[in-house]
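These values consider heavy atoms only, across backbone and side chains, with no hydrogens, waters or symmetry-generated copies.
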Amino acid sequence: MNFKLESAKTLKRILKSNETNIDALTPAHKKLFLARLDEHFAALFELYYQVYGWQYDFHFHIQSLVQTLIAGFKERPAHLKTKDKQKLAQPHWYKSEKMLGIACYVDLFGGDLKKLKKRLPYFKSMGINYVHLMPLYRSPQGDSDGGYAVSDYRTVNPALGNMADLEALTKAFNKEGINIVLDFVFNHTSNEHEWALKAKQGSEEYQAYYYMFDDKTVPDQYEQHLREIFPQVRRGNFTYEPTCDKWVWTTFNSFQWDLNYSNPEVFNAITSEMLFLANIGCDALRLDALAFIWKEMGTNCENQDKAHTLIQAFNRCLQITAPAVVFKSEAIVHPDEVVKYIDKNECQLSYNPLLMALIWNSLATRKTRLLTASMQKTGVISDDCTWVNYVRCHDDIGWTFDDDVAAELGINGEDHRYFLNQFYTGRFPGSFANGVAFGENPSTGDCRVCGSLASLCGLERAQAENDLAGIDLAVKRILLVHSVILSVGGIPLLYAGDELALINDYGYQNDPSKQHDVRWVNRIDVPDDMLKQSPNPEVTDALKSLISIRQKHPIFGDASTSFLPAPNEHCFAYLRETELERCLCLVNFSEHSLSIHPQTFDLLGQSIATDLITQSTVDLSEGVNLSSYQFTWLKVLKS
């Protein structure tokens with residue numbers, strides 16, 4: 001097929017049939033919308049055809065999609081259309097050294113949307129300009145997978161406020177230069193969503209929005225190749241729904257129904273929800289569970305080619321209607337699969353789960369060889385995109401390193417994951433960590449790890465034992481892990497409470513709706529008094545200082561990153577570089593001091609550097625000594 005020719009013919013027909021809607025736009029907006037359609041429709045047409053071209057009514061569905069885009073553009077407020085223009089003029093805004101993010105649950109970090117808005121001065125005082133509001137949509141009472149079971153994308157959870165409160169918050173934050181990130185939970189809805197309720201009532205149209213089967217025959221065929229995500233909660237990937245006598249595909253929880261993207265009506269309907277969220281005023285949408293959106297019999301139904309096709313199509317819809325908004329990939333899968341989602345036409349931002357997991361690995365082993373080798377293989381991505389680097393989040397830690405890379409270093413991946421789980425759940429002799437096992441598989445013994453950053457770094461244990469030397473080491477570990485995400489390249493993302501070094505909260509064990517989900521141990525309430533006076537000022541003040549240094553130096557923004565051979569088995573080394581400057585970052589993952597040979601610094605091309613941490617001058621010809629858990633950022637100007 002000549003896609004260029006066919007897409008042009010199709011668009012001409014669609015525009016003719018939608019003249020009334022398009023003519024209702026102002027002349028300037030009409031010109032803008034038509035120009036964006038002209039630029040992106042051919043690519044959108046081809047992507048849509050790759051997934052839905054087999055449909056006899058393909059042209060009906062793509063016409064319906066364009067009508068959705070027209071409606072989304074029409075409803076986009078004027079101030080957001082202005083923002084579109086501004087962001088398009090600075091397409092790499094997310095690569096600035098000024099960028100610093102935080103992720104938080106509204107109820108745990110503020111109480112509700114109005115109270116969270118009052119915390120704007122706190123965010124500014126920390127240098128934060130990117131706030132990810134964890135799911136805040138209407139969801140089932142009790143267990144809702146932390147809000148990731150969405151019952152209505154267009155309604156705020158009443159306990160947090162209403163949509164007017166959310167729009168007021170986004171306006172206030174945007175006015176202060178703070179970017180808002182919202183979740184786009186598009187793999188599934190809750191079983192209380194309007195679509196699911198109609199499916200339960202027997203509507204064949206809405207049953208086709210999900211994967212629903214009359215018996216277990218087909219589900220059992222799929223099940224042969226699927227993994228279990230939460231085996232501690234239930235076994236298998238399908239749930240029986242008695243109200244309509246059907247088996248429903250539920251990858252994560254029985255109350256989260258997977259959407260059927262082989263149905264073009266689902267794509268169009270979700271696009272409408274996506275544009276609604278974009279028009280609230282967010283700057284990025286986090287694509288939740290994006291690896292699972294396409295199902296293919298005989299596969300594990302993860303990371304399928306058409307998952308990428310669908311995301312690229314969603315991306316084009318945003319480029320036409322709300323181009324200020326970018327996608328953030330949440331693919332906690334094999335590193336080789338993670339990087340496939342990262343592209344300016346797919347996800348411009350991506351979590352960096354490999355870096356996160358291997359930072360913890362290096363703290364446990366005191367060695368950096370797996371971290372260095374892994375980053376050298378998959379740590380460098382397109383210049384049009386950027387990593388979102390984090391050390392902890394609302395979720396668990398999964399050890400998603402590449403077994404082949406580990407094997408090249410003589411490390412058995414399965415055995416090493418067992419060691420890491422034992423270490424961070426405090427079961428390994430000499431461990432400093434207080435973590436909790438999550439998703440422990442009764443068949444294999446495999447698990448993942450939960451815990452606050454401070455508890456995993458040893459602060460909880462040391463404070464409980466009144467071990468002053470242990471507290472000092474824990475603080476050093478906390479600052480070390482943050483130093484990496486602040487300097488390695490990308491958007492550093494804090495998880496709310498980590499900047500205060502909060503330890504595990506075991507109160508979830510007394511809440512029937514949470515006690516089965518140990519991830520709540522690191523979802524910690526942050527009251528006002530903690531913001532006024534940090535419980536661990538030695539961490540908070542030092543972290544503020546590191547943030548300030550980062551935000552003053554362009555070398556930590558839109559600059560290249562090269563991961564270097566480790567000058568010492570305990571040292572992690574990477575070079576940041578622009579046309580004018582170089583900065584060598586060295587991190588000692590050991591509690592013992594070490595020396596770096598002068599030859600290591602030859603690549604800087606200078607014998608004198610500035611240590612940005614201490615603002616002191618360093619003579620590199622004498623080598624560099626790093627004390628316990630010390631890190632240094634050595635900058636030179638190019639000659």
Asker: Mind checking whether Thr189 and Trp195 have side chains closer than 4.5 Å, heavy atoms only?
Answerer: yes
Asker: I'd like to know if the side chain of Glu228 and the backbone of Gly236 have a donor-acceptor N/O pair within less than 3.5 Å.
Answerer: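 Yes.
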Asker: Which word best sums up how the rings of Phe419 and Phe423 line up, parallel for under 30°, tilted for 30 to 60°, or perpendicular for over 60°?
Answerer: tilted
Asker: Are side-chain heavy atoms of Thr425 and Val436 found at a separation under 4.5 Å?
Answerer: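 No, side chains not in contact.
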Asker: Is there a donor-acceptor pair under 3.5 Å between the side chain of Trp54 and the backbone N or O of Val51?
Answerer: yes
Asker: Testing Tyr210, Phe238, Trp247 for ring pair (Phe, Tyr, Trp, His ring centres under 6.0 Å) with Trp257, which one passes?
Answerer: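 When Tyr210, Phe238, Trp247 are each tested with Trp257, the ring pair (Phe, Tyr, Trp, His ring centres under 6.0 Å) holds only for Tyr210.
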Asker: Examine distances only and state if a side-chain atom of Arg448 and a backbone atom of Phe438 form a donor-acceptor pair shorter than 3.5 Å.
Answerer: no
Asker: I want to know whether Tyr94 and Tyr130 have ring centres closer than 6.0 Å.
Answerer: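 No, they do not, as the ring centres are separated by 6.0 Å or more.
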Asker: With distance as the sole criterion, is a donor-acceptor pair present between the side chains of His61 and Asn268 under 3.5 Å?
Answerer: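 No, Asn268 and His61 have no side-chain donor paired with an acceptor closer than 3.5 Å.
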Asker: Does Thr321 use its side chain to pair, donor to acceptor, with the backbone of Leu318 at less than 3.5 Å?
Answerer: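 Answer holds: no.
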Asker: Does the side chain of Leu349 reach to within under 4.5 Å of the side chain of Cys385, using non-hydrogen atoms?
Answerer: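 Result no, sub-4.5 Å side-chain heavy-atom pair not found.
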Asker: Quick one: closest heavy-atom pair of Asp403 and Gly413, and the distance?
Answerer: OD1-CA, 3.8 Å
Asker: Sub-3.5 Å donor-acceptor pair from the side chain of Tyr153 to the main-chain atoms of Val185, do we have one?
Answerer: yes
Asker: So Ile397 and Arg392, do their side chains get closer than 4.5 Å, heavy atoms only?
Answerer: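 Counting from C-beta outward, Arg392 and Ile397 do come under 4.5 Å.
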Asker: May I ask you to decide if Glu302's main-chain N or O and Gln304's side chain share a donor-acceptor pair within less than 3.5 Å?
Answerer: yes
Asker: In this structure, are over 12 heavy atoms from other groups packed under 6.0 Å from Asp305 atom CG?
Answerer: no
Asker: What verdict does the side-chain hydrogen bond (donor to acceptor under 3.5 Å, both in side chains) test give for Asp384 and Gln348, after you've listed the backbone C-alpha separation in whole Å, the side-chain angles of each residue and the deciding distance to 0.1 Å?
Answerer: CA-CA 7 Å; Asp384 291 312; Gln348 299 94 328; over 6 Å; no
Asker: Look at atom NZ of Lys87 and say whether more than 12 heavy atoms of other residues, nucleotides or ligands are closer to it than 6.0 Å.
Answerer: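 Result for NZ/Lys87: enclosed.
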Asker: Is there a donor-acceptor contact under 3.5 Å linking the side chains of Asn253 and Gln256?
Answerer: yes
Asker: For the residue pair Asn389 / Asn352, report whether a side-chain donor-acceptor contact shorter than 3.5 Å exists.
Answerer: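 There is such a pair between these side chains.
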Asker: Closer than 3.5 angstrom, by distance alone: can the side chain of Ser139 be matched with the main-chain N or O of Gly147 as a donor-acceptor pair?
Answerer: no
Asker: Sub-3.5 Å donor-acceptor pair from the side chain of Asp258 to the main-chain atoms of His188, do we have one?
Answerer: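 No, because the side chain of Asp258 does not come within donor-acceptor range (under 3.5 Å) of the backbone of His188.
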Asker: Show your reasoning for whether side-chain hydrogen bond (donor to acceptor under 3.5 Å, both in side chains) applies to Arg76 and Asn279.
Answerer: CA-CA 5 Å; Arg76 191 156 176 79; Asn279 286 344; 2.9 Å; yes
Asker: Could you tell me if the side chain of Asn361 sits less than 4.5 Å from the side chain of Leu370, heavy atoms only?
Answerer: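 They are in side-chain contact.
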Asker: Do Asn21 and Asn18 touch side chain to side chain, with heavy atoms closer than 4.5 Å?
Answerer: yes
Asker: Is the OH atom of Tyr418 crowded by more than 12 outside heavy atoms at less than 6.0 Å?
Answerer: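 Check fails, neighbour count at 12 or below.
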Asker: Can you list the steps and then say if Ser203 with Glu205 is a side-chain hydrogen bond (donor to acceptor under 3.5 Å, both in side chains)?
Answerer: CA-CA 5 Å; Ser203 167; Glu205 177 186 357; 4.8 Å; no
Asker: Measure from the ring center of Tyr508 to the ring center of Trp520 and say whether it is less than 6.0 Å.
Answerer: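 Ring-ring flag for Tyr508/Trp520: false, centres at least 6.0 Å apart.
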Asker: Carefully, step by step, assess Lys340 and Asn303 under the rule side chain to side chain contact (heavy atoms under 4.5 Å, CB included).
Answerer: CA-CA 9 Å; Lys340 292 179 183 178; Asn303 305 303; over 6 Å; no
Asker: Answer yes if the ring centres of Phe33 and Phe73 are under 6.0 angstrom apart, and no otherwise.
Answerer: yes
Asker: Salt bridge check: are Glu414 and Arg417 linked by an N-O gap of less than 4.0 Å?
Answerer: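 No, Glu414 and Arg417 are not salt-bridged.
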Asker: Could you please spell out the steps behind the side chain to side chain contact (heavy atoms under 4.5 Å, CB included) verdict for Glu330 and Leu287?
Answerer: CA-CA 6 Å; Glu330 189 256 353; Leu287 302 190; 5.8 Å; no
Asker: Which heavy atom of Leu47 sits nearest to which heavy atom of Ala313, and what is that distance?
Answerer: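 Heavy atoms of Leu47 and Ala313 come nearest at CD1-N, 3.7 Å.
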Asker: Quick one: closest heavy-atom pair of Gln207 and Ala199, and the distance?
Answerer: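 It is NE2-O, 3.0 Å.
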Asker: Under a 4.0 Å threshold between the charged nitrogen and the carboxylate oxygen, would Lys328 count as salt-bridged to Asp183?
Answerer: no
Asker: May I ask you to establish whether Arg316 and Phe45 are in a cation-pi arrangement, using a distance under 6.0 Å from NZ or CZ to the six-membered ring centre and at most 45° from the ring axis?
Answerer: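 No cation-pi geometry.
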Asker: With a 6.0 Å cut-off (strictly less than), is the heavy-atom count around CG of Asn412, excluding the residue itself, greater than 12?
Answerer: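 Atom CG in Asn412 is crowded, with more than 12 foreign heavy atoms closer than 6.0 Å.
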Asker: Considering only NZ, NE, NH1 and NH2 on the basic side and carboxylate oxygens on the acidic side, decide whether Arg36 and Asp38 come within less than 4.0 Å.
Answerer: no
Asker: Under 4.5 Å between any side-chain heavy atoms of Asn179 and Val131, yes or no?
Answerer: no
Asker: Would Thr251 and Arg227 count as a side-chain hydrogen bond (donor to acceptor under 3.5 Å, both in side chains) if you check the C-alpha gap in whole Å, the side-chain angles of each, and the deciding distance to 0.1 Å?
Answerer: CA-CA 9 Å; Thr251 296; Arg227 66 184 174 110; over 6 Å; no
Asker: So does Cys447 get a backbone contact from the side chain of Asn421, meaning a donor-acceptor N/O pair under 3.5 Å?
Answerer: yes
Asker: Tell me yes or no: between the side chains of Ser190 and Glu192, is some donor less than 3.5 Å from an acceptor?
Answerer: no
Asker: Check the pair Asp143, His516 against side chain to side chain contact (heavy atoms under 4.5 Å, CB included), reporting the backbone distance first and the verdict last.
Answerer: CA-CA 9 Å; Asp143 188 11; His516 69 283; 2.7 Å; yes
Asker: Do Lys246 and Asp214 meet the salt-bridge criterion of a basic N to acidic O distance under 4.0 Å?
Answerer: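 Result for this pair is yes, salt bridge flagged.
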Asker: Please indicate whether Tyr240 has more than 12 foreign heavy atoms, meaning atoms of other residues, nucleotides or ligands, lying under 6.0 Å from its OH.
Answerer: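 Yes, because the 6.0 Å sphere around OH of Tyr240 holds more than 12 heavy atoms from other groups.
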Asker: If you look at every heavy atom in Ile270 and Phe186, which pair is closest and at what distance?
Answerer: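 Looking at all heavy atoms of both residues, the closest pair is CG2-CB, 4.1 Å.
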Asker: Start with the C-alpha distance between His394 and Tyr148, add both sets of side-chain angles, then the distance that settles ring-ring contact (aromatic ring centres under 6.0 Å, His included), and finish with yes or no.
Answerer: CA-CA 12 Å; His394 71 289; Tyr148 285 97; 5.5 Å; yes
Asker: Given Phe314, which partner from the list Tyr341, Tyr48, Phe267 fulfils the ring pair (Phe, Tyr, Trp, His ring centres under 6.0 Å) test?
Answerer: Phe267
Asker: Do Asn187 and Leu290 pass the side chain to side chain contact (heavy atoms under 4.5 Å, CB included) test, and can you show the C-alpha distance, the side-chain angles, and the key distance before you say yes or no?
Answerer: CA-CA 7 Å; Asn187 175 71; Leu290 79 174; over 6 Å; no
Asker: Are Asp517 and Arg519 ion-paired here, with the side-chain N under 4.0 Å from a carboxylate O?
Answerer: yes
Asker: Out of Trp360, Tyr495, Tyr351, which residue meets the ring pair (Phe, Tyr, Trp, His ring centres under 6.0 Å) rule with Tyr390?
Answerer: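 Testing each of Trp360, Tyr495, Tyr351 against Tyr390, the sole residue satisfying ring pair (Phe, Tyr, Trp, His ring centres under 6.0 Å) is Tyr351.
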Asker: Look at the aromatic rings of Tyr209 and Tyr206 and report parallel, tilted or perpendicular, splitting at 30° and 60°.
Answerer: tilted
Asker: Backbone N or O of Lys306 within a donor-acceptor pair of the Gln50 side chain at under 3.5 Å?
Answerer: no
Asker: For residues Leu69 and Leu44, determine if any side-chain heavy atom of one lies less than 4.5 Å from a side-chain heavy atom of the other.
Answerer: yes
